[in-house]
*Asks:* 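Take this structure, written in structure tokens, and hold onto it; I'll ask about it next.
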Amino acid sequence: MSTSPAPGFGRAKKALGQHFLHESAYIDRIIDAVAPRPDDRVVEIGPGQGALTLPLLRRHGALTVIEFDRDLIAPLTHAASTVGALEIIHRDVLEVDFTALAGDGPRLRLVGNLPYNISSPILFHALEHAGAITDMHFMLQKEVVERMAAPPGSKTYGRLSVMLQASCIVVPLFTVPPGAFRPPPKVDSAVVRLAPKPPGETGIDDPARFAAVVRAAFGQRRKTLRNALSGLCDEATISAAGIDPQSRAEQLPVQDFIRLANTPSAA
């Protein structure tokens, strides 16, 4: 069953990568997956025309949303006025400090139908504030979700896979077809759950170094680790981590990257 947007909402803006969800069956599945509890602090990224916003408000009573498109602010405010308490942050989500937003209160539960054109930057931005986040339920391009959950040795295993799996439990939930959106995208979408691991359980000593090692390793996938990491780790350091310097990044499990980043330079 399709739902119609409330009056006052304009058309989706292609420049902002907007595709608005309208199929109630998929909306209900997402809300059920989130299953907000009374004391939760739920934050929606990119509420758009309120397809998830209004059902979340009905279920939870209060919601914070982050919306970049100023043309959606007034219609969202009006649509939510009789439904629940809606706080709207009009800002680019990449500029929002989730740690400050959580403050001394409960950790955040993030929800969103993420724009395809900036989904990866949003994911990396959320990772920087993982300590302030309980979980994330995002809808993204299906191909991105496949990369997020890809195992070592697969064609889709890469920097995104390693960074997310090192810090989160990644659980793909279900696929959403193009027809569930207005306008329909040219690809399938998928919903994924990300649950950040407690900082002390990731095993990563220095997050910045870990990120640099992973970025360099996958920067030129065809290079061996000895060559790809020449500016960060010498061959002796790679060997000291128990890793063959002749191997390539896509062959290494996440734990190998963590061990490599934690190994002191042998130089």
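Model, not experiment: these values are computed from the prediction. Basis for what follows: all heavy atoms, side chains included, without hydrogens, waters or symmetry-related copies.
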*Asks:* Look only at the side chain of E67 and the backbone of L72, and say whether a donor-acceptor pair between them is shorter than 3.5 Å.
*Replies:*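 Checked: no pair found.
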*Asks:* After noting the C-alpha distance and the side-chain angles of R193 and V34, does the key distance pass the side chain to side chain contact (heavy atoms under 4.5 Å, CB included) rule?
*Replies:* CA-CA 9 Å; R193 176 187 293 124; V34 177; over 6 Å; no
*Asks:* Sub-3.5 Å donor-acceptor pair from the side chain of H129 to the main-chain atoms of A100, do we have one?
*Replies:*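 Checking the backbone N and O of A100 against the side chain of H129, no donor-acceptor pair under 3.5 Å is found.
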*Asks:* Is L194 close to H137 at the side-chain level, that is, under 4.5 Å between some pair of heavy atoms?
*Replies:*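 No - every pair of side-chain heavy atoms lies 4.5 Å or more apart.
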*Asks:* Test the R147-Y157 pair against the cation-pi criterion, namely NZ or CZ under 6.0 angstrom from the six-membered ring centroid and within 45° of the ring axis.
*Replies:*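 Judged by the rule, R147 and Y157 form no cation-pi pair.
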*Asks:* Using only heavy-atom distances, determine whether the side chains of D234 and T237 contain a donor-acceptor pair under 3.5 Å.
*Replies:*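 Yes, a side-chain donor-acceptor pair sits under 3.5 Å.
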*Asks:* Does a side-chain heavy-atom distance below 4.5 Å link S189 with E143?
*Replies:*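 Of all side-chain heavy-atom pairs linking E143 with S189, none is under 4.5 Å.
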*Asks:* Closest approach of M136 and A126, non-hydrogen atoms and distance?
*Replies:*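 It is SD-CB, 3.7 Å.
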*Asks:* If you apply the rule side chain to side chain contact (heavy atoms under 4.5 Å, CB included), what do you find for I258 with T202, and how did you get there?
*Replies:* CA-CA 9 Å; I258 294 174; T202 63; 5.7 Å; no
*Asks:* Atom CD of Q246 and atom OG of S239: how far apart are they, to the nearest 0.5 Å?
*Replies:*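 The distance works out to 9.5 Å.
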*Asks:* Using a 4.5 Å cut-off on heavy atoms from C-beta on, say whether the side chain of Y26 contacts that of V191.
*Replies:*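 No - every pair of side-chain heavy atoms lies 4.5 Å or more apart.
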*Asks:* Does H90 reach the main-chain N or O of I73 with its side chain, forming a donor-acceptor pair under 3.5 Å?
*Replies:*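 It does not hold such a pair.
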*Asks:* Judged by atom type as modelled, is there a donor-acceptor pair below 3.5 Å linking the side chain of D40 to the main-chain atoms of R37?
*Replies:*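 Between the backbone of R37 and the side chain of D40 there is a qualifying donor-acceptor contact (under 3.5 Å).
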*Asks:* Give me the atom names and distance for the closest heavy-atom approach of I122 to P115.
*Replies:*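 Smallest heavy-atom distance, with atoms named: CD1-CD, 4.2 Å.
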*Asks:* Verify side chain to side chain contact (heavy atoms under 4.5 Å, CB included) between V111 and L56, making sure each step is shown before the conclusion.
*Replies:* CA-CA 10 Å; V111 184; L56 276 170; 4.3 Å; yes
*Asks:* Between Q251 and R248, is there a donor-acceptor pair closer than 3.5 Å when you use the side chain of the first and the backbone of the second?
*Replies:*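 Present.
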*Asks:* Kindly compute the distance separating CG (L140) from CG (L123), expressed to the nearest 0.5 Å.
*Replies:*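 Going from the CG atom of L140 to the CG atom of L123 covers 5.5 Å.
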*Asks:* For atom CG of D39, decide whether the heavy atoms of other residues, nucleotides or ligands shown that lie under 6.0 angstrom number more than 12.
*Replies:*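 Result for CG/D39: open.
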*Asks:* What is the minimum heavy-atom distance between H125 and V96, and which atoms define it?
*Replies:*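 Heavy atoms only, the tightest pair is NE2-O, 2.7 Å.
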*Asks:* Do R91 and F68 have side-chain heavy atoms sitting under 4.5 Å apart?
*Replies:*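 Not in contact.
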*Asks:* When you compare the side chain of P185 with that of P178, does any pair of heavy atoms fall below 4.5 Å?
*Replies:*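 Touching, per the 4.5 Å side-chain cut-off.
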*Asks:* With the side chain counted from C-beta on, respond yes when L114 and M139 share a heavy-atom pair under 4.5 Å apart, and no when they do not.
*Replies:*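 The answer is no, as the side chains (C-beta and beyond) never meet within the 4.5 Å cut-off.
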*Asks:* We want to know whether T156 and E146 form a side-chain donor-acceptor pair, criterion being a heavy-atom distance below 3.5 angstrom.
*Replies:*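 Distance-only check fails for T156 and E146.
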*Asks:* How about L21 and I30: do any of their side-chain heavy atoms sit closer than 4.5 Å?
*Replies:*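 Result yes, sub-4.5 Å side-chain heavy-atom pair found.
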*Asks:* Restricting to pairs with a member in residues 226-258, which pass ring-ring contact (aromatic ring centres under 6.0 Å, His included), not counting sequence neighbours?
*Replies:*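 Only F218-F257 qualify under ring-ring contact (aromatic ring centres under 6.0 Å, His included).
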*Asks:* Which distance, rounded to the nearest 0.5 Å, do you find between the CZ of R29 and the CZ of F174?
*Replies:*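 Result: 5.0 Å between the selected atoms.
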*Asks:* Is the side chain of S154 donor-acceptor paired with the backbone N or O of P151 at a distance under 3.5 Å, no angle test?
*Replies:*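 It does hold such a pair.
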*Asks:* Atom CZ in F210, atom CG in N262: separation rounded to 0.5 Å?
*Replies:*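 Going from CZ on F210 over to CG on N262, the span is 9.0 Å.
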*Asks:* Just checking Q220: does its CD atom have more than 12 heavy atoms from other residues, nucleotides or ligands closer to it than 6.0 angstrom?
*Replies:*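 12 or below, so no.
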*Asks:* Taking the side chain as everything from C-beta on, heavy atoms only, tell me whether T134 gets closer than 4.5 Å to L108.
*Replies:*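 Answer no - side chains too far apart.
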*Asks:* Return yes if some donor-acceptor pair links the side-chain N/O of D92 with the main-chain N/O of L94 below 3.5 Å, else return no.
*Replies:*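 Here the side-chain-to-backbone pair exists.
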*Asks:* For D256 and R259: C-alpha separation, side-chain torsions, deciding distance, then whether salt bridge (charged side-chain N to carboxylate O under 4.0 Å, His left out) applies.
*Replies:* CA-CA 5 Å; D256 280 5; R259 191 169 63 254; 2.8 Å; yes
*Asks:* How many angstroms lie between atom CD1 of I31 and atom CG of L52, to the nearest 0.5 angstrom?
*Replies:*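 Output value for this atom pair is 5.0 Å.
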*Asks:* Has K197 got a side-chain atom pairing as donor or acceptor with Q165's backbone, closer than 3.5 angstrom?
*Replies:*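 Yes: the side chain of K197 pairs with the backbone of Q165.
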*Asks:* So which atom in P106 and which in R41 form the shortest heavy-atom distance, rounded to 0.1 Å?
*Replies:*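 In this case the closest contact between P106 and R41 is CG-CB, 4.0 Å.
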*Asks:* Looking at A240 and T263, what are the two nearest heavy atoms and their distance?
*Replies:*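 Taking every non-hydrogen atom into account, CB-CG2, 4.1 Å.
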*Asks:* Salt-bridge test for D32 and R59: reply yes if a basic N is under 4.0 Å from a carboxylate O, no otherwise.
*Replies:*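 Salt bridge present between D32 and R59.
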*Asks:* Mind checking the OG1-CG spacing from T64 to L86? Nearest 0.5 Å is all I need.
*Replies:*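 Rounded to the nearest 0.5 Å, the OG1-CG separation comes to 8.0 Å.
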*Asks:* Please step through side chain to side chain contact (heavy atoms under 4.5 Å, CB included) for the pair F138 and N113, ending with a clear verdict.
*Replies:* CA-CA 6 Å; F138 290 147; N113 171 19; over 6 Å; no
*Asks:* For the residue pair A217 and L225, what are the closest heavy atoms and their distance?
*Replies:*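 Shortest heavy-atom separation between A217 and L225 comes out as CB-CD2, 4.0 Å.
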